[in-house]
2 protein chains.
Amino acid sequence: MDLLTIGDMAARSGVAQSALRFYEREGLISSTRTGGNQRRYERHELRRIAFIRIAQQVGVSLDEIREALAELPDKRTPTRADWARLSARWQRKLEDRIAMMERLRDQLTGCIGCGCLSLQRCTLVNPSDTLAAKGPGPQRILHAPE
Amino acid sequence: MDLLTIGDMAARSGVAQSALRFYEREGLISSTRTGGNQRRYERHELRRIAFIRIAQQVGVSLDEIREALAELPDKRTPTRADWARLSARWQRKLEDRIAMMERLRDQLTGCIGCGCLSLQRCTLVNPSDTLAAKGPGPQRILHAPE
DNA sequence: CTGCAAGTTGAAGTGAACTTCAGCTCAAGG
DNA sequence: CCTTGAGCTGAAGTTCACTTCAACTTGCAG
C-alpha cells in the first residue's frame with residue numbers, strides 16, 4: 001500500500017499532527033486505521049488538507065470549509081473535475097474578497113486626502129454595511145461577503 | 001461640552017458598548033469620567049475607533065493596532081496630518097495583502113487547470129513559505145506579510 | 001526479541017476578541 | 001421625589017482553531 005502515516009502527512013503538508021487529528025475529529029479529513037489503531041491516510045487526503053489551508057488563507061471558517069468539502073464524493077477518490085469545481089467556487093470568493101479590499105484601499109486613499117476617517121461618511125468601517133448589522137457577538141475579521 | 005456618552009459612541013460607531021469598554025481596558029481608546037464615574041468621550045475618539053475597525057478589516061491584531069495608535073500624539077487632538085500618516089501606513093499593508101490574495105487567486109487558477117492542488121508543487125498553501133515555518137502555536141488566519 | 005521513536009486517547013489549556021451576568025449607582029423627565 | 005433607562009464593575013463565559021499533557025500502545029531496525 002502507499003498509505004501515509006500521520007507523521008508523513010504532517011511533514012508533507014506542513015500541518016501539525018495535532019491539527020490533523022483535530023481536523024479528523026471535526027470531520028474535515030478522514031483516515032483508516034491499522035490493526036494497532038494507528039491512522040493511515042490515502043494520498044488524496046493531502047489534497048483535502050491543501051484545500052483547507054487555502055480556504056483558511058481566504059478567511060473561511062472551518063465550518064464553511066466542512067460544508068464545501070461535503071460536496072466531494074464520499075466513496076470514490078475525488079477526480080480532477082471534482083476539485084476543479086470546488087476550486088472555482090473558492091476562486092470566486094477570493095475575487096470577492098479582493099474586490100472588497102480594493103474598495104477599502106481606494107476609500108482609504110480618499111480619506112487620507114481629507115483626513116476624515118469619519119465613521120458614517122466614509123463607508124470604510126462598514127464596507128458593505130453588513131458588519132454593524134450583524135448585531136452583538138464576536139465579529140469575524142475580514143468577513144467574507146457572501 | 002460636546003462630550004459623548006458610551007451609548008452615543010456605540011450608536012455612532014456601530015461597535016458594542018462592551019467592546020468599547022474592552023478597547024479602553026486594552027488601551028486602544030480613552031475617556032474621561034463624569035462626577036458619577038460615567039465615561040465621556042471626545043469626538044476624536046470616534047476616529048480612533050474607525051481606525052481600529054479598518055485595521056481589523058485588513059487583518060491586523062489589536063496588539064499591532066495599539067502599537068500603531070501609540071504613535072498618535074497623546075496630549076493634543078490628532079491633526080489631519082497625524083491621521084494621514086497612519087492611514088498611509090495601513091494603506092501599504094492593505095496593498096501587500098491584496099497582492100498576496102492576487103497571487104493566491106492566480107495560483108488557484110493554475111491549479112484548476114491542472115487539477116493538482118498539490119501541497120508543495122503549488123506554493124499555494126504556504127504562500128510566502130512563512131506559515132509552516134512558524135512552528136506550533138495557533139496560526140493567524142490571513143497573516144499579514146510584513 | 002528488544003528498544004525506542006512514533007502513534008494513541010481524552011481532557012485540559014491557550015489566546016484573541018469580545019459578551020454576558022449580577023449587583024449596583026447615576027441622571028433626567030414627569 | 002420617584003421611576004426608569006443608561007451606565008458602572010469584576011468575574012466568568014464564549015467561540016475558534018488549535019496545542020499540550022500524561023499515560024499508554026505500536027511498529028520497525030538491529
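Each chain gets a letter, A, B and so on, in the order the sequences are listed, and its residues count up from 1. On a predicted model such as this, the values are computed, not experimentally measured, just so you know.
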Can a side chain N or O of [X] be found less than 4.0 Å away from OP1 or OP2 on [N]?
X: B:Gln56; N: C:dC18; answer: yes
X: B:Tyr23; N: C:dC18; answer: yes
X: B:Thr5; N: D:dA6; answer: no

Starting at [atom1] of [X] and ending at [atom2] of [N], how long is that distance when rounded to a whole Å?
X: A:Ile29; N: D:dA17; atom1: CD1; atom2: P; value: 15 Å
X: B:Leu28; N: C:dC18; atom1: CG; atom2: P; value: 9 Å
X: A:Asp8; N: C:dA5; atom1: CG; atom2: P; value: 18 Å
X: B:Leu20; N: C:dT20; atom1: CG; atom2: C1'; value: 16 Å
X: B:Ile6; N: C:dT25; atom1: CD1; atom2: P; value: 19 Å
X: B:Glu64; N: C:dA17; atom1: CD; atom2: P; value: 9 Å
X: A:Arg66; N: D:dC18; atom1: CZ; atom2: P; value: 12 Å
X: A:Glu26; N: D:dC16; atom1: CD; atom2: P; value: 9 Å

Under-4.0 Å salt bridge between [X] and [Y]:
X: B:Asp96; Y: B:Lys93; value: no
X: B:Arg89; Y: B:Glu67; value: no
X: A:Asp82; Y: A:Arg76; value: yes
X: B:Arg39; Y: B:Glu45; value: no

When all nucleic acid strands are considered with a 4.0 Å heavy-atom cut-off, which category describes A:Gln17: base, sugar-phosphate, or nothing?
->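 Sugar-phosphate contact only.
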**Report entry** CZ-CG distance between B:Arg43 and B:Asp8, expressed to the nearest 0.5 angstrom
**Finding:**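 B:Arg43 CZ to B:Asp8 CG: 9.0 Å, rounded to 0.5 Å.
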Exercise. Measuring from A:Ile29:CD1 to A:Arg21:CZ, what's the distance to the nearest 0.5 Å?
Worked result: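 Output value for this atom pair is 10.5 Å.
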Practice item. For B:Arg21 and for A:Phe22, locate the closest nucleotide of DNA chain D by heavy-atom distance; then report the residue assigned to the nucleotide nearer the 5' terminus. Key: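 Between the two, 5'-proximity favours B:Arg21.
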B:Ala16 side chain, from C-beta outward: closest of D:dC18, D:dC8, C:dT19
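When the side chain of B:Ala16 is considered, C:dT19 is the closest of D:dC18, D:dC8, C:dT19.
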What nucleotide, of C:dC18, C:dG7, D:dT19, holds the atom closest to the side chain of A:Arg25?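 Nucleotide nearest to A:Arg25's side chain: D:dT19.
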Task: DNA chain D contacts made by residues 32-44 of chain B, counting heavy atoms under 4.0 Å - done: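 Per residue number, the list reads B:Arg33, B:Asn37, B:Gln38, B:Arg39.
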Check: Do A:Arg48 and A:Trp83 touch side chain to side chain, with heavy atoms closer than 4.5 Å?
Finding: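 Touching, per the 4.5 Å side-chain cut-off.
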